[in-house]
Amino acid sequence: MTLAPGTAVRVRDSWPEAEGPAHIRTPHYLRGRNGTVMRLLGSFPNPEDIAFARPAPLRELYHVAFRPAELWPGGGGDELLVEIYEHWLEEPR
Amino acid sequence: MNLAAEDGRALLAAVTALLGEKGLVSPAEIAERIAVTETASPAQGARMVAKAWTDPAYRALMLADGTAAAEAMGAFMRGSPPLGVLADEPGLHHVVVCTLCSCYPRAVLGYPPFWFKSTGYRARTVRDPRGVLAEWGTILPDATRIRVVDSTADYRWMVLPERPAGTEGWPEEALAGLVRASDMIGVTLPAAG
């Protein structure tokens, strides 16, 4: 589903850690937040599977920009860049 | 069997022997990896920064492919995550944090400093970077944008700071001597003298 730079995305408001043991690289503070794809960094075996020694399919990893002012009242820097895996990204609402 | 109660050295020896018997990792490879981990230090990254300051072609390589640039300077990158390099420029400053744990470009900076792993640094840098930098004595002009890079997954990031004023004509070795780990994380800026 390779996303082009500039694509508007939303981080899924998903909480697998509430269901059971999980290893997740998507920070809590970004769940359900909108961002913009900056670039594709590459494809990596899904760390969520590696952590449990399961077969780990390759997943695309994106550098996604967020606006800190939308994340914290009156806080944050000017820009925030975070690595997010493709299966955590969806269409913005 | 309660693993936590067992003798650590005996466990390590047993696991190492099993890995060797199964052909997964040889004792020589483990020794090599330990040696590489022990020798990696911020001096490696500092040499890369100094070269980037003096060699435009190397700077271009560093920004395009940090791993290749590190290998070109003799860093051992096999088995390490890809290295991304964030170049500061007039009006733009980068600072790296790992809010989830302590992801750090160990191959070029060595072990992460204790404060990089602290919950305070991790929680506050992403939320109030200007305030955290001020506590380091790093006061940036209001007009300078701060770009926080939360290192969460399969890349590792280092900052390429701007070359400090007053270093014109300095040889690479002297330039490298100015660059600290904290400069390559982005909480401080290198300065001459």
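What you see is a predicted model, and the numbers here were worked out from it, not measured in a lab.
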Next item on the list: Please tell me if the side chains of B:V148 and A:E79 come closer than 4.5 Å, counting only heavy atoms from C-beta onward.
Entry: no
Check: Which region of A:L41, side chain (C-beta onward) or backbone (N, CA, C, O), has a non-hydrogen atom less than 4.5 Å from a non-hydrogen atom of chain B, or is it both or neither?
Finding: both
Check: For B:T125, is it the side chain, the backbone, both, or neither that has a heavy atom closer than 4.5 Å to a heavy atom of chain A?
Finding: neither
Notebook entry, point to check: Heavy atoms, side chains only, cut-off 4.5 Å: are B:V126 and A:L80 in contact?
Noted result: yes
Notebook entry, point to check: When you look at CZ of B:R33, are more than 12 heavy atoms from neighbouring residues, nucleotides or ligands closer to it than 6.0 Å?
Noted result: yes
Next item on the list: Would you mind checking which part of A:P47 comes under 4.5 Å of any heavy atom in chain B, side chain (CB onward), backbone (N, CA, C, O), both or neither?
Entry: side chain
Check: Contact part of B:P82 toward chain A, heavy-atom cut-off under 4.5 Å: side chain, backbone, both or neither?
Finding: side chain
Notebook entry, point to check: Heavy-atom distance under 4.5 Å to chain B: side chain of A:L30, backbone, both or neither?
Noted result: neither
Next item on the list: Could you look at A:Y29 and say if it's the side chain, the backbone, both or neither that has a heavy atom under 4.5 Å from chain B?
Entry: side chain
Note to self: For the CG atom of B:D150 and the CZ atom of A:R25, what is their distance to the nearest 0.5 Å?
What the structure shows: 11.5 Å
Note to self: Is any side-chain heavy atom of B:H94 closer than 4.5 Å to one of A:L81?
What the structure shows: no
Notebook entry, point to check: Among A:L61, A:T26, A:D78, which residue forms the greatest number of heavy-atom pairs with chain B at distances under 4.5 Å?
Noted result: A:D78
Next item on the list: Report, as yes or no, whether the 6.0 Å neighbourhood of atom CZ on B:R9 holds more than 12 heavy atoms from other residues, nucleotides or ligands.
Entry: no
Notebook entry, point to check: Heavy-atom count around B:R156 CZ within 6.0 Å, excluding the residue itself: above 12?
Noted result: yes
Item checked: Most chain A-contacting option - heavy-atom pairs closer than 4.5 Å, from B:L133, B:V95, B:I146 -> B:I146
Check: For A:H28, is it the side chain, the backbone, both, or neither that has a heavy atom closer than 4.5 Å to a heavy atom of chain B?
Finding: neither
Checklist line | Side chain B:D154, main chain A:F44, donor-acceptor under 3.5 Å | finding: no
Item checked: Sidechain-backbone polar pair: B:T152 side chain, A:E83 backbone, donor-acceptor under 3.5 Å -> yes
Note to self: For A:E91, I'd like to know if atom CD has over 12 heavy atoms of other residues, nucleotides or ligands within 6.0 Å.
What the structure shows: no
Next item on the list: Sort B:L92 into side chain, backbone, both or neither according to what part of it lies under 4.5 angstrom from a heavy atom of chain A.
Entry: side chain
Notebook entry, point to check: Are B:V15 and B:I30 joined in one hydrophobic group, where the rule is that I, L, V, M, F, W and Y side chains link up if heavy atoms are under 4.5 Å apart?
Noted result: yes
Check: Between B:W136 and B:V179, is there a shared hydrophobic cluster once you connect ILVMFWY residues whose side-chain heavy atoms come closer than 4.5 Å?
Finding: yes
Margin query: Is there a continuous path of hydrophobic side-chain contacts, each under 4.5 Å between heavy atoms, that joins A:L58 to B:Y155?
Written below: no
Check: Quick one: of A:A65, A:P27, A:P45, who has the most non-hydrogen atom pairs under 4.5 Å with chain B?
Finding: A:P27
Check: If you draw a 6.0 Å radius around CE in A:M38, do more than 12 non-hydrogen atoms from other residues or ligands fall strictly inside?
Finding: no
Check: In terms of hydrophobic clustering (I, L, V, M, F, W, Y; side-chain heavy atoms under 4.5 Å; direct or indirect links), are B:Y111 and B:V159 co-clustered?
Finding: no
Check: Is chain A contacted by the side chain of B:R145, its backbone, both, or neither, given a heavy-atom distance below 4.5 Å?
Finding: both
Check: So with a 6.0 Å cut-off around CZ of B:F114, is the heavy-atom count from everything else above 12?
Finding: no
Next item on the list: Answer yes if B:L100 and B:F116 sit in the same cluster of Ile, Leu, Val, Met, Phe, Trp and Tyr residues linked by side chain heavy atoms under 4.5 Å apart, and no otherwise.
Entry: no
